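For reference, the structure is listed below as structure tokens.
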2 protein chains.
Amino acid sequence: MNALNGLAPFNRSAYAELSPSPRIIMTPGPVEAEPRVLRALSYPILGQFDPEFTLLMNETMELLRCLFRTGNEWAYPVDGTSRSGIEAVLNSLIEPGDRVLIPIYGRFGHLLHEIAQRCGAEVIVMEREWGSVFDPGEIAAAVKRERPNLVAIVHGETSTGRMQPLEGIGAACREVGALLVVDAVATIGGVPVETDAWQLDAVIGGTQKCLSIPSGMAPVTYNARAERKLLARKRIERGLRAGSEDPPTSRPVQSNYLDLSQLQDYWSPARLNHHTEMTSMLYALREGVRIALSEGLDERFARHRLHERALTAGLGAMGLALYGDPGCKLPVVTCVNVPEGIDGERVRERLLRVFGVEIASSFGPLKGKIWRIGTMGYSSRQTNVLHLLGALEASLLREGYRLPAGEAVQAALAVYDPA
Amino acid sequence: MNALNGLAPFNRSAYAELSPSPRIIMTPGPVEAEPRVLRALSYPILGQFDPEFTLLMNETMELLRCLFRTGNEWAYPVDGTSRSGIEAVLNSLIEPGDRVLIPIYGRFGHLLHEIAQRCGAEVIVMEREWGSVFDPGEIAAAVKRERPNLVAIVHGETSTGRMQPLEGIGAACREVGALLVVDAVATIGGVPVETDAWQLDAVIGGTQKCLSIPSGMAPVTYNARAERKLLARKRIERGLRAGSEDPPTSRPVQSNYLDLSQLQDYWSPARLNHHTEMTSMLYALREGVRIALSEGLDERFARHRLHERALTAGLGAMGLALYGDPGCKLPVVTCVNVPEGIDGERVRERLLRVFGVEIASSFGPLKGKIWRIGTMGYSSRQTNVLHLLGALEASLLREGYRLPAGEAVQAALAVYDPA
């Protein structure tokens with residue numbers, strides 16, 4: 001097309017028709033999407049201000065309130081992957097110079113630290129060895145001692161497969177006037193997240209994990225305490241202002257795209273123009289959350305527990321040891337120590353190439369040391385657990401690892417069918 | 001489920017099956033999605049580090065280079081709507097205190113101003129009356145006079161339906177060492193965008209307009225001049241650092257989610273973990289760009305011109321006057337003055353409710369004064385133009401507007417079939 005000006009020409013035959021191979025995805029995300037969610041993605045577009053579309057937006061807000069177990073007015077998606085939701089919340093609630101307390105027990109705690117620092121926060125860090133979590137009382141005591149403006153904490157830490165108990169921290173935050181922000185990306189839809197009962201001021205959920213919606217949206221919710229902070233910093237966008245607008249009483253947020261005070265105007269009946277809502281992803285989110293609530297949250301949590309039980313029974317029967325403190329295991333992610341003498345990455349590669357089964361490694365100090373196996377959302381089902389156990393056993397045998405052949409799947413079957 | 005604690009219970013029957021009505025979408029975006037793109041959205045998920053998926057990511061980069069007509073190494077999507085791409089580029093290239101020149105001739109120029117200001121820039125604004133654009137020589141002269149660090153300008157301004165000629169501005173920017181950033185959200189895939197020939201240092205494209213991919217990704221490209229600025233500010237994420245990393249020589253960017261220096265590590269062979277790539281949207285982007293390039297960019301631009309000609313012939317035959325300076329009309333958006341005595345919003349509402357046809361209003365000073373009709377991407381086709389003209393004529397007659405009945409569609413047909 002344009003070889004004359006040095007640009008690579010487009011080769012019409014170079015790009016094959018899209019045809020992704022079928023996979024059994026047992027990672028901590030993205031996991032297999034619900035087929036009904038994939039179908040929703042393929043429906044034709046509606047305009048963003050079409051009344052039929054704004055009705056879907058409003059219904060999605062109602063569904064998200066049920067999912068987050070909250071009476072909050074505000075529950076809507078940020079248009080980006082999970083960390084866009086985390087950054088939107090922190091960016092909108094942290095003013096430069098604010099004191100932010102961050103208890104860290106894995107990689108995603110470090111991400112909260114990173115983002116808070118970029119927001120200009122004075123960050124106070126508490127660290128716990130990877131594989132364990134904090135006693136909530138210890139965090140509550142730190143809140144009372146440090147009197148931060150905001151506390152940010154990960155609920156389910158996929159890097160280590162741990163879950164932080166949150167009850168009691170909210171009360172301490174209210175005592176000192178701090179906002180409590182929780183990253184529930186890995187837990188929402190898979191284990192209980194009690195926004196109101198636990199007094200969480202803002203919560204960020206993820207789609208591509210226990211909700212089995214493709215990555216692309218970050219549902220968030222926040223209460224009136226958080227909203228007060230937003231409203232003090234609100235500034236209507238240039239090009240939309242009426243002219244005589246009052247200047248904000250606090251410093252405006254750094255981002256326009258991730259400014260919750262502008263996003264809530266877009267999601268309010270005012271529908272003040274901001275971004276162009278992601279039509280197809282919104283269809284997917286509404287469908288995925290509707291499916292989760294139709295299953296019943298309690299039933300869904302029980303299902304996740306069942307498949308965790310079957311998986312860990314099988315892994316144990318294979319002679320594999322689980323990583324980390326069992327008292328705070330994240331039910332939807334199981335971390336396994338790679339046995340001495342086994343090349344964990346070669347096992348993962350074979351699982352994917354030969355069996356079409358994907359599991360994950362980890363980050364930083366745990367890279368290559370553990371396997372992380374997700375049992376999340378649509379991927380959390382009997383057939384997947386049984387196939388994974390069979391494939392992992394075969395791959396380990398292939399590597400010369402000694403194990404009692406056949407027992408892993410039998411142990412899982414005994415959980416599913418105890419008779 | 002939880003009436004006891006004051007939360008709204010989930011009503012399983014309250015949420016109908018998703019079933020969006022068919023629409024003829026003739027707005028400046030989002031427009032109708034290509035059916036093959038919608039199909040791509042429905043394919044099963046691959047893991048983000050699955051070699052089959054990273055191959056699709058690399059292919060998408062190659063396709064984007066062809067689309068942007070560039071030899072740049074970096075061409076990839078930011079995971080968000082168009083303005084996330086704009087903010088990622090500005091946020092990554094503007095350091096607090098940088099002088100940024102922004103020529104404004106419509107609403108989206110004000111958005112560039114807003115974002116640049118939130119990045120801490122000292123913004124120098126040039127304004128042109130809505131409905132016209134700048135002489136490129138005038139901008140070049142301002143660049144030489146003001147010697148900014150960066151110039152940001154909108155290529156196609158959908159709020160007014162104007163297109164800014166860009167040739168000559170790049171040379172002036174290089175003379176004074178400024179970076180030239182272009183918002184080509186509305187033009188990419190519909191009219192020529194010559195990244196290299198016009199010496200553009202960074203360009204942001206949109207998906208939901210001339211590419212007919214649902215909103216959700218923002219393809220960007222930038223050259224080595226822009227990358228140098230990024231690399232000076234680069235900082236590897238906490239939790240992924242090796243420890244002995246050199247501190248950045250300039251101030252790190254404010255955002256983590258929209259930090260191009262981190263995004264390019266994720267899109268590089270290093271695949272340094274950042275967000276979880278939006279699988280389904282990436283499928284859609286690859287398919288949509290592949291379709292655009294398979295049509296042929298020149299053929300595609302000619303198609304957009306043809307349907308613009310037919311549309312404007314029909315509107316003229318109806319006695320409607322186009323808004324703005326015809327010398328700089330944006331080919332893919334046609335702005336029409338709402339005739340005296342006609343309630344433009346009532347006409348729009350009838351078009352949508354009765355005919356299933358959507359057109360847009362505008363913003364700020366033009367709100368309610370003009371209609372904006374898009375002929376973009378898959379929506380830019382003969383059947384759509386003819387149906388729209390027939391429906392608009394009927395709606396205007398219904399409002400008592402006097403026009404020569406039947407002539408609009410005949411005028412468009414004469415363009416399509418001159419024999």
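Only a predicted model underlies this, so the values are computations on that prediction, with no experimental measurement involved. The basis for the numbers below is simple: all heavy atoms, side chains too, and nothing from hydrogens, waters or symmetry mates. Proteins get letters first, then strands, A, B, ... in listed order; numbering begins at 1 in each.
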Heavy-atom pair count under 4.5 Å with chain A, highest-scoring of [options]:
options: B:Pro22, B:Ser82, B:Ser21, B:Ala33; value: B:Ser21
options: B:Ile115, B:Asp196, B:Val253, B:Val78; value: B:Val253
options: B:Glu32, B:Lys367, B:Glu277, B:His113; value: B:His113
options: B:Gly47, B:Ser294, B:Gly109; value: B:Ser294
options: B:Arg118, B:Arg39, B:Met278, B:Arg65; value: B:Arg118
options: B:Leu67, B:Leu56, B:Leu63; value: B:Leu63

Could you tell me which portion of [X] (side chain, backbone, both or neither) has an atom closer than 4.5 angstrom to a non-hydrogen atom of chain A?
X: B:Thr207; result: neither
X: B:Thr27; result: neither
X: B:Ile86; result: neither
X: B:Glu59; result: both

Exercise for the section: Of all the heavy-atom pairs spanning B:Ile45 and A:Pro30, show the shortest one and how long it is. Expected result: CG2-CB, 4.3 Å

Table please: side-chain donor-acceptor pairs of residues 357-364 of chain A below 3.5 Å, with sequence neighbours left out.
unit_1   : atom_1 : unit_2   : atom_2 : d
A:Ser361 : OG     : A:Gly368 : N      : 3.3
A:Ser362 : OG     : A:Ser159 : O      : 2.8

With a 4.5 Å heavy-atom cut-off, do [X] and [Y] have their side chains touching?
X: A:Ser255; Y: B:Tyr257; value: no
X: B:Pro20; Y: A:Phe53; value: no
X: B:Leu352; Y: A:Pro51; value: yes

Problem - For chain B, the option from A:Val37, A:Asp259, A:Leu282 that forms the most heavy-atom pairs under 4.5 Å - result: A:Asp259

Handout entry: Option in A:Met281, A:Arg353, A:Glu62, A:Met217 with maximal non-hydrogen atom pairs under 4.5 Å from chain B
Key = A:Glu62

Kindly compute the distance separating [atom1] ([X]) from [atom2] ([Y]), expressed to the nearest 0.5 Å.
X: B:His274; Y: A:Thr81; atom1: NE2; atom2: OG1; answer: 8.0 Å
X: A:Ile291; Y: B:Tyr15; atom1: CD1; atom2: OH; answer: 15.0 Å
X: B:Ser280; Y: A:Leu38; atom1: OG; atom2: CG; answer: 6.0 Å
X: B:Arg36; Y: A:Leu18; atom1: CZ; atom2: CG; answer: 13.0 Å
X: A:Arg23; Y: B:Leu46; atom1: CZ; atom2: CG; answer: 6.0 Å
X: B:Arg83; Y: A:Asp79; atom1: CZ; atom2: CG; answer: 11.0 Å

Handout entry: Heavy-atom contact with chain B under 4.5 Å, split by part of A:Ile104
Key = neither

Exercise for the section: Would you mind checking which part of A:Glu295 comes under 4.5 Å of any heavy atom in chain B, side chain (CB onward), backbone (N, CA, C, O), both or neither? Expected result: backbone

Exercise for the section: Consider only side-chain N and O atoms of B:Gln208 and A:Gln48, and report whether a donor and an acceptor are under 3.5 Å apart. Expected result: no

Exercise for the section: Evaluate side chain to side chain contact (heavy atoms under 4.5 Å, CB included) for A:His275 paired with B:Ser84, printing each intermediate quantity in order. Expected result: CA-CA 9 Å; A:His275 62 284; B:Ser84 77; over 6 Å; no

Practice task
Look only at the side chain of B:Ser42 and the backbone of A:Ser42, and say whether a donor-acceptor pair between them is shorter than 3.5 Å.
Solution key: no

Practice task
Could you tell me whether a side-chain N or O of A:Glu114 sits under 3.5 Å from a main-chain N or O of B:Asn256, the two making a donor and an acceptor?
Solution key: no

